[in-house]
Amino acid sequence: MLTRKQHELICFINDRLAETGVSPSFEEMKEALDLKSKSGVHRLISALEERGFIRRLPNRARALEVTKLPEGGVVAKVPITLPDNVIEMPKRFPQPANDIIELPLHGRIAAGMPIEAMERDLTLPVPAALLGPGEHYALEVSGDSMVEAGILDGDYALIRKTNVARDGEIVVALIDDNEATLKYFHPDGARIRLDPANAAYQPQIYSAHQVQVQGKLAGLLRRYH
């Protein structure tokens with residue numbers, strides 16, 4: 001059961017909404033119900049919300065929806081805003097992950113014929129969100145043999161250190177202890193096949209003892225100039 005004032009208020013709001021599509025102000029509600037202050041309106045609205053007659057809409061400042069009426073009345077199905085000089089606060093969004101990690105930048109790596117991956121005393125700032133668990137380093141990509149995998153000349157390959165890989169993964173393969181390349185990894189018994197992602201290039205086949213996996217591709221960075 002609603003009190004007389006609660007009944008009067010919800011019917012007044014619903015009727016005004018049906019007529020104009022705009023809810024009455026707190027001042028209008030106070031006068032219509034012959035209340036002494038707006039705080040009385042607040043208390044009545046809170047009581048109606050607790051009993052399920054009114055629902056607050058979270059995406060607008062003090063917006064209400066009449067969800068039901070006593071005695072089977074017809075609800076005006078339009079959200080109403082209580083225009084009481086209220087400043088609507090902006091929605092809160094998740095804060096971006098801004099943590100930066102300085103990865104060692106170990107020279108250039110071929111996405112074509114193998115070239116030497118040289119150690120450098122340089123680092124590359126990388127958003128931590130791009131990296132998973134483990135230790136990482138970066139290499140600058142040279143060549144176009146991995147373009148069909150979305151790896152372009154001048155990209156920075158983010159590599160997770162490991163010496164093992166599964167068939168079909170993109171790895172940094174060190175060949176004969178002095179040349180490195182970025183390719184799809186395919187072990188085949190006593191041989192290793194390193195596949196490009198460009199139809200213009202042929203697979204590279206080596207004896208298993210010639211190839212050492214030095215990491216797996218974890219991500220890419222691309223700079224636009």
Check: I192 and Q210 side chains under 4.5 Å, non-hydrogen atoms
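No - every pair of side-chain heavy atoms lies 4.5 Å or more apart.
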
With sequence neighbours excluded, tell me which residues meet side chain to side chain donor-acceptor pair (under 3.5 Å) with E102.
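So E102 forms a side chain to side chain donor-acceptor pair (under 3.5 Å) with T123.
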
Between [X] (side chain only) and [Y] (backbone N and O only), is there a donor and an acceptor less than 3.5 Å apart?
X: N163; Y: Q214; result: no
X: Q212; Y: D177; result: no
X: S207; Y: H209; result: no
X: S145; Y: Y201; result: no
X: E169; Y: R166; result: yes
X: D155; Y: L152; result: yes
X: E31; Y: E28; result: no

Partners of F185 by ring-ring contact (aromatic ring centres under 6.0 Å, His included), sequence neighbours excluded?
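Partners of F185 under the ring-ring contact (aromatic ring centres under 6.0 Å, His included) test: none.
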
Taking all non-hydrogen atoms of both residues into account, name the closest pair between [X] and [Y] and its distance.
X: N198; Y: E148; answer: CA-OE2, 3.5 Å
X: A180; Y: V172; answer: CB-CG1, 4.4 Å
X: P187; Y: D167; answer: CD-OD1, 3.6 Å
X: P196; Y: P203; answer: CD-CA, 3.8 Å
X: K216; Y: A165; answer: CD-CB, 4.0 Å
X: H136; Y: P104; answer: O-CD, 3.8 Å

Please round to the nearest 0.5 Å and tell me the distance separating atom [atom1] of [X] and atom [atom2] of [Y].
X: E49; Y: T67; atom1: CD; atom2: OG1; value: 9.5 Å
X: Y156; Y: L220; atom1: OH; atom2: CG; value: 12.5 Å
X: H7; Y: L44; atom1: NE2; atom2: CG; value: 13.5 Å
X: L124; Y: L158; atom1: CG; atom2: CG; value: 7.0 Å
X: R51; Y: K68; atom1: CZ; atom2: NZ; value: 10.0 Å
X: K5; Y: L33; atom1: NZ; atom2: CG; value: 5.0 Å

Hydrophobic cluster membership, with links at side-chain heavy-atom distances under 4.5 Å among I/L/V/M/F/W/Y: are [X] and [Y] in one?
X: L35; Y: L2; value: yes
X: L174; Y: V211; value: no
X: M29; Y: L48; value: yes

Of I170, V171, L194, L217, which meets side chain to side chain contact (heavy atoms under 4.5 Å, CB included) against Y184?
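The single option meeting the side chain to side chain contact (heavy atoms under 4.5 Å, CB included) with Y184 is I170.
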
Checking L182 against I109 for the side chain to side chain contact (heavy atoms under 4.5 Å, CB included) test, could you report, in this order, the C-alpha distance in whole Å, the side-chain angles of both residues, the deciding distance, and whether it holds?
CA-CA 7 Å; L182 189 68; I109 187 165; 4.2 Å; yes

Using the side chain to side chain contact (heavy atoms under 4.5 Å, CB included) rule, take I10 and L69 through it: C-alpha gap first, then chi angles, then the decisive distance, then the call.
CA-CA 7 Å; I10 194 169; L69 289 174; 3.8 Å; yes

side-chain hydrogen bond (donor to acceptor under 3.5 Å, both in side chains) between D176 and Y206, intermediate numbers included:
CA-CA 10 Å; D176 293 330; Y206 300 94; over 6 Å; no

Is the CZ atom of R222 crowded by more than 12 outside heavy atoms at less than 6.0 Å?
yes

Can you check side chain to side chain contact (heavy atoms under 4.5 Å, CB included) on M146 and K183, steps first, answer last?
CA-CA 7 Å; M146 297 298 288; K183 292 290 183 293; 4.2 Å; yes

Intermediate values then yes/no, side-chain hydrogen bond (donor to acceptor under 3.5 Å, both in side chains), Q204 and D195
CA-CA 6 Å; Q204 302 164 11; D195 283 354; over 6 Å; no

